[in-house]
Amino acid sequence: MTVLRVGNASGFYGDRFDALREMLTGGELDVLTGDYLAELTMLILGRDRLKDPAAGYARTFLRQLEECLGLAHDRGVRIVTNAGGLNPAGLAAAVRDMADRLGIPVRVAHVEGDDLGAAHPDSLTAHAYLGGFGIAACLREGADIVVTGRVTDAALVTGPAAAHFGWGPTQYDRLAGAVVAGHVLECGTQATGGNYAFFTEGGHDLRHPGFPLAEIHEDGSCVITKHPGTGGFVDVGTVTAQLLYETAGARYAGPDVTARLDTVTLAQDGSDRVRIHGVRGEAPPPTLKVGRTRLGGFRNEVVFVLTGLDIEAKAALVKNQMAQTFAKSSPREVRWELVRTDRADADTEETASALLRLVVRDPRQDAVGRSFSGAAIELALAGYPGFHVLAPPGKGSPYGVFEAAYVPQEDVEHVAVLDDGRRLPVAAPRAADTRVPAAVAEPDLPEPPPPGPVRRAPLGLVAGARSGDKGGDANVGVWARTDEAWRWLAHELTADRFRQLVPESRELTVTRHLLPRLRALNFVVEGILGDGVAAQHRFDPQAKALGEWLRSRHLDIPEALL
């Protein structure tokens with residue numbers, strides 16, 4: 001059968017507005033996908049729904065589609081998106097109304113069954129991560145646009161591929177290949193040079209990277225590329241970086257298949273083309289992940305600016321002064337962070353200043369509200385010399401918590417709802433066709449490099465990294481670009497060395513996974529993000545820059561690699 005060309009036009013709710021038009025006009029496509037959902041997005045949509053029960057979907061998608069629906073129809077491009085969020089039926093109805101108003105004949109279907117809020121009444125949102133076969137059912141019945149709620153990000157690609165090639169639920173290698181393609185596409189321009197560790201090399205124009213697409217073949221292999229003439233670039237490095245993003249070990253489990261990331265083979269296939277092949281798949285797990293969000297309480301913060309001399313003493317004074325307030329209000333959590341951005345004999349006031357960040361959290365808003373903010377501001381004339389703050393603290397705002405749970409696949413009623421109202425149940429895998437994922441045996445390490453002279457230098461001179469969040473955990477993928485660098489990296493960057501380089505992980509569980517075919521290591525740091533991004537537990541709450549911090553740390557590196 002013919003190659004299926006699947007593109008991406010959104011990696012998150014708030015991504016480039018014009019991407020839908022750019023992808024539809026930039027080259028050939030069969031299917032255009034858009035990923036709008038993340039853990040934080042579900043919380044935001046949940047709060048929107050509290051205000052308006054008819055809300056709960058990504059309204060930006062409607063505005064994008066209004067400009068581009070005629071283009072998609074004229075070019076025969078089908079659109080698959082999870083912009084339905086908490087209300088896929090509502091978004092599907094809104095798209096139909098728009099199409100009728102514009103006079104464009106399109107069939108709009110949606111997928112439902114992910115909403116498990118009734119079983120989790122204490123949650124703001126509770127949604128199972130569905131697979132791609134509901135999407136496939138909609139497309140097989142002729143849908144031009146498919147709207148989903150919470151599906152896995154990769155399902156936006158596995159669904160169209162299964163529909164196009166007629167794959168069945170036990171064709172694991174083919175499905176796994178599509179999962180890998182979907183994982184590369186899901187974050188948009190992160191596959192075409194965005195957020196890339198080696199962005200300064202090669203002279204590429206990264207001002208406006210093009211969005212990626214995958215040319216998927218019937219055997220599950222694919223080529224990752226982008227439309228001709230668009231910015232950015234696609235090479236083995238950009239694809240490797242995205243493959244490591246928000247993953248862990250060799251088994252990448254999903255509702256349709258468990259993809260073996262340790263079987264992925266990448267090869268440059270020409271300019272801006274990377275071939276992915278050899279992916280093996282295994283039976284999916286018997287359970288579905290359920291993402292639950294809830295309001296965790298209230299938080300407030302103030303950032304004190306400490307300038308010039310006696311930084312440590314100034315910090316100690318304001319801590320002691322605020323302690324009197326805490327003795328009265330007793331917030332459940334008080335967190336201080338002194339950020340030494342100052343330097344001696346600075347030629348600007350800003351570079352002579354350090355930042356002292358204070359964050360408080362409590363289930364009670366009054367414990368972190370006006371009494372806290374008032375106490376901080378009352379120190380203005382009674383505190384350390386040069387007292388000022390970056391912004392006055394407010395009355396305290398609610399923060400969210402993300403939690404994961406699991407339910408048997410057969411307990412979730414996965415349904416494809418067609419344009420004419422017909423409802424097609426999507427069967428869960430039989431128990432005999434599921435498998436609980438287990439850890440893969442540790443692969444053999446490569447031979448260590450021969451001894452030789454070393455130089456103290458940043459890790460990032462010889463290794464790339466990309467990091468991200470999964471609930472309260474962070475993952476950091478690190479890869480080498482040559483076999484020689486891999487031989488050194490695999491032996492040098494152990495879990496213990498990682499803890500040394502990232503001090504805040506020293507008391508946490510850090511697990512290292514080896515992926516030799518990618519010349520990569522993947523580290524999972526449990527609990528470093530507290531209750532997840534919505535809780536704003538740390539300076540970088542999604543661990544987006546944790547990998548870049550790691551790359552900036554100095555080690556003894558063989559001079560032969562530098």
Distance under 6.0 Å and angle within 45° of ring axis: [X] vs [Y]:
X	Y	result
Arg59	Phe61	no
Arg361	Tyr399	yes
Arg551	Phe198	yes

Thinking salt bridges, do Asp205 and Arg207 make one under a 4.0 Å N-O criterion?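 Salt bridge flag = yes for Arg207 with Asp205.
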
NZ/NE/NH1/NH2 to OD/OE distance under 4.0 Å, Glu215 and Arg273: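 Looking at Arg273 together with Glu215, the answer is yes, because their closest N to O distance falls below 4.0 Å.
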
Could you tell me whether the side chain of [X] and the main chain of [Y] form a donor-acceptor pair under 3.5 Å?
X	Y	value
Asn8	Ser10	yes
Gln64	Phe17	yes
Thr192	Gly210	yes
Thr238	Val234	no
Arg78	Val31	no

Can you classify the ring geometry of Tyr36 versus Tyr13 as parallel (below 30°), tilted (30 to 60°) or perpendicular (above 60°)?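 Ring orientation of Tyr36 relative to Tyr13: perpendicular.
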
Counting only heavy atoms not in Arg499 (residues, nucleotides, ligands), do more than 12 fall under 6.0 Å from its CZ?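 Result for CZ/Arg499: enclosed.
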
Are His183 and Tyr252 close enough that their ring centres sit under 6.0 Å apart?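 Yes - the distance between ring centres of His183 and Tyr252 falls below the 6.0 Å cut-off.
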
